[in-house]
2 protein chains.
Amino acid sequence: MTATQELTKNQSLVFDALTRAEGPLSAYTILDQLRNNGFRAPLQVYRALDKLLDYGMIHRLESINAFVACSHPHDHGHSHGMIAFAICEKCGQVSEFSDDVITARVREWTNGNGFKPSKTTIEIRGVCANCGTA
Amino acid sequence: MTATQELTKNQSLVFDALTRAEGPLSAYTILDQLRNNGFRAPLQVYRALDKLLDYGMIHRLESINAFVACSHPHDHGHSHGMIAFAICEKCGQVSEFSDDVITARVREWTNGNGFKPSKTTIEIRGVCANCGTA
DNA sequence: GTTCGTATGTGATGTTATTACATTAGTCAA
DNA sequence: TTGACTAATGTAATAACATCACATACGAAC
C-alpha cells in the first residue's frame with residue numbers, strides 16, 4: 001500500500017479529510033465532515049483510521065485523542081526510527097520529527113530490560129514558536 | 001505537598017487505591033473500588049486525580065487512559081527530566097524510567113524550534129521480560 | 001461570626017471508542 | 001455460473017472516558 005488510489009472509498013474520504021485539515025482531527029470531527037459523503041456512524045471512521053494507521057499514512061496522537069496525516073508521505077513507516085510529535089496547545093499545529101539518538105536510547109533501555117516494544121509514543125505538548133511570540 | 005498525610009480524604013483514598021494496585025487503573029475502576037468508601041460519581045475520582053497529578057504523586061498514561069502511582073516517591077517531579085513508561089500489554093505492569101540523554105535531545109529540538117514544552121509523554125507499549133519468556 | 005477559598009456531593013451531559021449483527025461487493029476455483 | 005471465501009460497508013446500540021453546572025460543607029483569616 002503506497003498510494004492513495006489503492007485506498008477504498010471510505011479510506012480515501014477519511015485520508016483526504018485529514019490531509020485537507022493540515023492539523024489533527026478527532027474521529028467525530030471527521031465523521032461530521034463526511035456526513036455529506038454518506039457517513040452516518042463512528043465505526044465508518046474508525047475502520048478507515050485503523051487501516052490508514054496500518055499503512056503508516058496517518059498517526060494517532062494519544063495525548064489528545066486525535067489523528068493527523070503523516071507529514072512525511074514518502075517514508076510511511078519512518079522506517080528507521082520512532083517519531084516524535086510537538087503539539088501546539090494554542091493553534092493545534094503538529095510538528096513531526098524523528099531522532100536517531102532518542103530511538104537508540106529507547107532501544108537500549110528495552111534491550112537491557114528484555115522488553116519487546118510494539119509501539120512507542122513520544123508527544124510534546126506546549127506552545128509553538130508562532131504562538132509563543134504572538 | 002510531600003506526604004500522604006496532607007492529602008484530603010478523597011485524595012488519600014484514590015492515592016491508596018493506586019498504590020495498592022501496583023499497576024495502572026482507569027478512573028472508573030478506581031471509582032468502583034471506592035464505592036464502599038462513599039464514592040458515587042466520576043468527578044470525585046477525577047478531582048482527586050488532578051490534584052495528585054499536580055503533586056507529582058501519580059502519572060497519567062495517555063496511551064491507555066489510566067493512572068499509576070509514581071514509583072519514585074522520593075523524587076516526585078523527577079525534577080531533572082522527563083519520564084518514560086514501558087507498559088506491558090500482557091500483564092499491565094508499568095516500568096518508569098528517566099533518561100538524561102533523551103531529555104537533552106528533546107530539549108534540543110524544542111529549543112531549536114522555539115517550542116515551549118509544557119508536558120512530554122513517552123510511552124513504550126510492548127511485552128515485558130516476564131511475559132515474553134513465559 | 002462573616003467571609004472566602006477549598007473540598008465535596010450529585011445529576012446530567014459531552015466525548016471517544018467498541019460490540020454485535022446484517023449486508024454488499026469482489027475474487028477465485030470448481 | 002455457481003459456490004465459497006474474504007474484505008469492505010451499513011446501522012444500532014452500548015461501553016468507556018471525561019466534564020459541566022450547580023448545590024453544599026468545611027476550615028482558616030479577619
Side-chain angles (χ1 to χ4, degrees), chain A residues 1 3-18 21 23-55 57-68 87 89 92 119 121 123 125, chain B residues 1 3-18 21 23-55 57-68 87 89 92 119 121 123 125:
Chain A
M1 177 59 53
T4 302
Q5 287 86 331
E6 304 180 24
L7 297 176
T8 68
K9 175 164 153 286
N10 284 2
Q11 288 160 16
S12 292
L13 286 167
V14 169
F15 183 67
D16 289 349
L18 282 172
L25 297 179
S26 79
Y28 279 75
T29 302
I30 296 171
L31 174 57
D32 287 339
Q33 288 190 8
L34 296 180
R35 291 212 186 264
N36 296 333
N37 297 279
F39 274 51
R40 324 266 327 251
L43 200 48
Q44 297 175 288
V45 177
Y46 282 109
R47 285 200 275 231
L49 288 170
D50 282 347
K51 286 297 184 182
L52 294 169
L53 286 169
D54 273 355
Y55 301 155
M57 298 175 69
I58 67 171
H59 302 292
R60 177 193 175 86
L61 302 175
E62 313 270 8
S63 65
I64 59 172
N65 295 319
F67 303 85
V68 69
I87 304 166
E89 288 173 324
K119 193 191 178 210
T121 297
E123 294 177 17
R125 272 172 299 160
Chain B
M1 176 59 53
T4 302
Q5 287 85 330
E6 307 181 22
L7 296 176
T8 68
K9 175 164 153 283
N10 285 1
Q11 288 160 18
S12 292
L13 286 166
V14 169
F15 182 67
D16 289 349
L18 282 172
L25 297 179
S26 78
Y28 278 74
T29 302
I30 296 172
L31 175 58
D32 286 340
Q33 289 190 8
L34 296 180
R35 291 210 187 265
N36 295 332
N37 297 279
F39 274 52
R40 324 267 325 254
L43 201 48
Q44 296 175 290
V45 178
Y46 282 110
R47 285 200 275 230
L49 289 171
D50 282 347
K51 287 295 185 186
L52 295 169
L53 287 169
D54 273 356
Y55 302 155
M57 299 175 69
I58 66 171
H59 302 291
R60 178 196 175 86
L61 302 175
E62 313 270 10
S63 65
I64 59 173
N65 294 319
F67 303 83
V68 69
I87 305 165
E89 289 173 323
K119 192 191 178 212
T121 298
E123 295 177 18
R125 272 171 298 161

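The figures that follow rest on heavy atoms only: side chains count, while hydrogens, waters and symmetry mates do not. Order of the sequence lines sets the chain letters (A, B, ...), proteins ahead of strands, with each chain counted from 1.
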Could you measure the distance from the [atom1] atom of [X] to the [atom2] atom of [Y]? Nearest 0.5 Å is fine.
X	Y	atom1	atom2	result
B:Asp16	B:Leu34	CG	CG	9.0 Å
A:Glu6	A:Tyr55	CD	OH	9.0 Å
B:Leu18	B:Ile58	CG	CD1	5.5 Å

Query - Nucleotides bounding contact with chain B, strand DNA chain D, heavy-atom threshold 4.0 Å - result: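 It runs D:dC17 to D:dA21.
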Could you check how far [atom1] of [X] sits from [atom2] of [N], rounded to whole Å?
X	N	atom1	atom2	result
B:Glu6	C:dT6	CD	C1'	15 Å
B:Leu13	C:dA7	CG	P	15 Å
A:Ile30	C:dT15	CD1	P	16 Å
A:Asp50	C:dA17	CG	C1'	10 Å
B:Tyr28	C:dT18	OH	C1'	16 Å
B:Leu34	C:dT8	CG	C1'	14 Å
A:Leu49	C:dT16	CG	P	13 Å

Ignoring hydrogens, what is the shortest heavy-atom contact between [X] and [Y]? Give both atom names and the distance.
X	Y	result
B:Glu123	B:Arg60	OE2-O, 3.9 Å
A:Pro24	A:Ala66	CB-CB, 3.8 Å
A:Ile87	A:Ser63	CD1-OG, 3.9 Å

Query raised in the report: Taking OP1 and OP2 of C:dT6, is either one under 4.0 Å from a side-chain nitrogen or oxygen of B:Lys51?
Result: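 For C:dT6, OP1/OP2 do not have a side-chain N/O of B:Lys51 under 4.0 Å.
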Query raised in the report: For C:dA17, does either OP1 or OP2 sit under 4.0 Å from a side-chain N or O belonging to B:Asn65?
Result: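 For C:dA17, OP1/OP2 do not have a side-chain N/O of B:Asn65 under 4.0 Å.
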Query raised in the report: Toward the 5' end of DNA chain D, which comes first, B:Ile64 or B:Arg47, by nearest nucleotide?
Result: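 Upstream on the strand: B:Ile64.
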Only pairs under 3.5 Å count here: list side-chain donor-acceptor contacts from residues 37-51 of chain B, not counting sequence neighbours, and write none if there are none.
from    : atom 1 : to      : atom 2 : distance (Å)
B:Gln44 : OE1    : B:Arg40 : N      : 2.6
B:Gln44 : OE1    : B:Ala41 : N      : 2.9

Query raised in the report: Of the options B:Leu31, B:Leu25, B:Asp32, which is the one that meets B:Thr29 in a side chain to side chain contact (heavy atoms under 4.5 Å, CB included)?
Result: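 For B:Thr29, the side chain to side chain contact (heavy atoms under 4.5 Å, CB included) check succeeds only for B:Leu25.
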**Report entry** Electrostatic pair B:Glu89-A:Lys119, nearest N-O below 4.0 angstrom
**Finding:**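 Between A:Lys119 and B:Glu89 there is no salt bridge, as every charged N stays at least 4.0 Å from the carboxylate O atoms.
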Query raised in the report: Considering only heavy atoms, which members of residues 36-46 of chain B lie under 4.0 Å from some atom of DNA chain C?
Result: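 B:Arg40, B:Ala41, B:Leu43, B:Gln44, in order of number.
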Query raised in the report: To the side chain of B:Gln11, which of C:dT16, C:dG9, C:dA7 is closest?
Result: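 It is C:dA7.
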